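The next block holds one structure in the form of structure tokens; read it before the comments.
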2 protein chains.
Amino acid sequence: MRKFNMSYVRRVGALEDSFLGSGLPYGTARILYEIGLGAGTVQELRIRLGGLDSGYVSRMLRTLETKGYVTVKPDPADGRRRLVELTEDGLKQWDDLERRSEERAHQLLDPLTPRQRDRLNEALATADLLVRAATITIEQVDPRDPMAQEAMGHYFAEIGDRFGFTVGDEGFGDDPSLRPPHGAFFVAASDGAPVACGGVREFDGTGEIKRMWVDPAWRGAGLGSRLLRHLEAEALRLGHTVVRLDTRDVLSEAIGVYERAGYERIDRYNDNPHATHFFRKELG
Amino acid sequence: MRKFNMSYVRRVGALEDSFLGSGLPYGTARILYEIGLGAGTVQELRIRLGGLDSGYVSRMLRTLETKGYVTVKPDPADGRRRLVELTEDGLKQWDDLERRSEERAHQLLDPLTPRQRDRLNEALATADLLVRAATITIEQVDPRDPMAQEAMGHYFAEIGDRFGFTVGDEGFGDDPSLRPPHGAFFVAASDGAPVACGGVREFDGTGEIKRMWVDPAWRGAGLGSRLLRHLEAEALRLGHTVVRLDTRDVLSEAIGVYERAGYERIDRYNDNPHATHFFRKELG
DNA sequence: GTAGATATCTGACTAAAGTCAGATATATGA
DNA sequence: TCATATATCTGACTTTAGTCAGATATCTAC
């Protein structure tokens, strides 16, 4: 991997140079590009760019503003925040960056045969997926946290359970049992977007895993197993030596994950009307 | 490819940050690292680092020298040049960079399963090879040029022809027919090292391709065909509509390249005692 | 031996990138 | 309502990275 970095950056790093030739310094061009990918608040921008200094970003936005490439206005939802978006001129600049970058990439790949180009694309796609997978972070959050809510939204939508939330609630059933001290909820995120979630709670004297979901695009990448290990560790920490869970036949990939993780089929242990399969595992 | 760059650099780019934490600025650390990969003249260093300004490099070397990480002394072979190498302290620093970088890579890959790690390595190796292949440059040089000499050295070594050069010559037979105006010689280089070569000349009223060689590590990557197309174009430019060539059975890959490029077998057309196969192609 | 060419160095410079300490205005919770 | 926290901005600053124009010593070809 390190060998690849050295060699790749030396050769292709120049791709980034295409940001130049736009009359903008690299940092400023990067910000312009990022705004073009999606307008938003200054703060979002800073995070997406990897935590740049607020003063630094502010100054660059001022530059872009005086050049007429972006507009900055207060966020109606929170007067402290400011919303940034591209002007028409800014969009033109952005398209320009995009085109130049595309051109450079084509030129670079020109000497390759079509078959080699296909192989390269495939290899890069694989590498990208795996690196993304490696940099997914699993974090414990409150089930009422927006990220958790978003993830559970996907979960309930997928199992077609329109009753996952109580009418009148603002979000999906805030199950207090999934919060400390006797429970926990985890969200796995990639680039700030939730790609998997799951919770542990106590039920009938043992640990129980609930609401485990993995983004369809991420299935088969080992993320389910990783999350499950995380949940089991938490169950153990909460003092359980046995965990159980129920699931339904629609979630076929999930069933595979449980089986490969050493779960054994058991009889129905609760009265969940939607559940079709029940599992159990000894921990420790 | 561009998508990969954005995503990869954002995630793994931080690998380069490991150059920091060494108390050295990035540029200086890069030089130190490069010296550690192989001592040599300042010039070699500059080229390996992608053509940095001589003043800039000189200054950084001065910094490293006063820190006691490198020694710089005149090259006995050419008093204008200076040789750079690591001191013991410098080697320690280098190992440190190496270790930190390695650590960082391991940490990054930690969440992946061994199978995923293998897949990633394979994908990166493929991508690296192809990107290297794409950035190989083919340039016309004088056959007496050191690069050409080095490439021909490999060629003669491989065909086991100890008589490729005339005794008393400093290098490999400087065949004036491979120089303009009636001939040309080309070297393909990757990272400053020759990986393929070949020449065209006039022989008996038609074009003739001579001394075509591809580094064994690069065979099967389409480089031979690419070089051959180059040589054919040159032959055409020199006014030939037919090219011929001879080769010997030891160079089996080469024979495949000629056949796939549309060459047809012909009878012996010269008295080269080592040649076993003879080919011909109409151009244009 | 002399006229270039080459390799490195020095000094003077610029621009980009980033840091840090407040200032200001708005939001939030007790 | 008041203390505190948050989001952004401004000004003053430092470090890196890189450029350019000579200066100097050495080599090469004629």
Side-chain angles (χ1 to χ4, degrees), chain A residues 9 13-14 16-17 19-35 39-67 70-85, chain B residues 9 13-14 16-17 19-35 39-67 70-85 142 144-146 170 192:
Chain A
V9 167
E16 317 298 314
D17 290 357
F19 268 142
L20 295 162
S22 63
L24 294 171
Y26 181 76
T28 315
R30 225 167 94 221
I31 289 211
L32 181 73
Y33 187 79
E34 200 65 38
I35 297 169
T41 65
V42 174
Q43 195 179 27
E44 271 169 37
L45 214 54
R46 289 209 297 123
I47 291 169
R48 290 205 319 239
L49 287 162
L52 294 188
D53 179 81
S54 69
Y56 183 32
V57 170
S58 177
R59 217 176 307 280
M60 286 196 279
L61 285 175
R62 223 51 53 229
T63 307
L64 290 172
E65 210 176 6
T66 58
K67 289 203 184 233
V70 304
T71 56
V72 182
K73 56 171 197 248
D75 183 346
D78 182 339
R80 290 169 302 183
R81 286 202 282 254
R82 309 243 282 151
L83 292 170
V84 192
E85 52 185 35
Chain B
V9 168
E16 316 299 314
D17 290 358
F19 268 141
L20 295 161
S22 63
L24 294 172
Y26 180 75
T28 315
R30 228 167 91 219
I31 289 211
L32 180 73
Y33 186 79
E34 201 64 38
I35 297 168
T41 66
V42 174
Q43 195 179 27
E44 269 168 38
L45 214 55
R46 291 209 298 122
I47 291 169
R48 291 204 321 238
L49 287 161
L52 292 187
D53 180 81
S54 69
Y56 182 32
V57 169
S58 177
R59 216 176 308 279
M60 287 195 281
L61 286 175
R62 225 47 56 230
T63 307
L64 290 171
E65 211 176 6
T66 58
K67 287 201 183 235
V70 304
T71 55
V72 183
K73 56 169 196 249
D75 182 346
D78 181 339
R80 291 169 302 181
R81 286 202 282 252
R82 308 247 279 152
L83 293 170
V84 191
E85 51 185 34
D142 190 294
R144 292 163 298 186
D145 176 283
E170 286 119 337

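Proteins come first, then strands; the chains are lettered A, B, ... in the order of their sequence lines, and each starts at number 1. Everything numeric in this text was worked out from a predicted model, so none of it was measured. Values below: every heavy atom of this structure, side chains too, minus hydrogens, waters and symmetry copies.
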Next on the checklist: Base contacts versus sugar-phosphate-only contacts with protein, heavy atoms under 4.0 Å: please encode nucleotides 12-19 of chain D as B, S and - from 5' to 3'.
Outcome noted: B---SSBB

Next on the checklist: Treating primed atoms plus P, OP1 and OP2 as sugar-phosphate and everything else as base, which nucleotides of nucleotides 22-30 of chain D get B, S or - for protein heavy atoms under 4.0 Å?
Outcome noted: ----BS---

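Overall bending of the helix from C:dG1-D:dC30 to C:dA30-D:dT1, expressed as the angle between end axes built from five pairs apiece, is 30° (10° steps).
Computed from coordinates, the A:E65 CD to D:dT8 P distance equals 13 Å when rounded to whole Å. Rounded to whole Å, the distance from CZ on B:R81 to C1' on C:dC9 is 17 Å. Atom pair A:R82:CZ and C:dT24:P shows a separation of 16 Å (rounding to whole Å applied). The distance between atom NZ of B:K73 and atom P of C:dT8, rounded to the nearest whole Å, is 15 Å. Between A:E44 atom CD and D:dT6 atom P the separation is 17 Å, expressed in whole Å. Rounded to a whole Å, the CG atom of A:L45 is 13 Å from the C1' atom of D:dT8. Look at CG on A:L61: it is 16 Å from P on D:dA7, rounded to the nearest Å.
Every side-chain contact (heavy atoms from CB on, under 4.5 Å) that B:T71 has, sequence neighbours left out, goes to B:E85, B:T87. Residues passing the salt bridge (Lys or Arg N to Asp or Glu O under 4.0 Å) test with A:E34 are A:R48, B:R10, sequence neighbours excluded.
Residues in residues 56-65 of chain B take part in these salt bridge (charged side-chain N to carboxylate O under 4.0 Å, His left out) pairs, two or more places apart or across chains: B:R62-B:E65.
Nearest approach of B:L61 to B:V70, heavy atoms of both residues: O-CG2, 4.1 Å. Residues B:A39 and B:V84 come closest through the heavy atom pair CB-O, 3.1 Å. The shortest heavy-atom contact between B:I31 and B:L49 is CG1-CD1, 3.6 Å.
Atom OG1 of A:T41 sits about 7.0 Å away from atom CG of A:D75, to the nearest 0.5 Å. Rounding to the nearest 0.5 angstrom, the gap separating the CE atom in B:M60 from the CG atom in B:L24 is 11.0 Å.
The backbone N or O of B:L52 sits less than 3.5 Å from a side-chain atom of B:R46, completing a donor-acceptor pair.
Counting heavy atoms from C-beta outward, B:T28 and B:L64 have side chains that approach closer than 4.5 Å. For the pair A:D53 and A:S58, the minimum side-chain heavy-atom distance is 4.5 Å or more.
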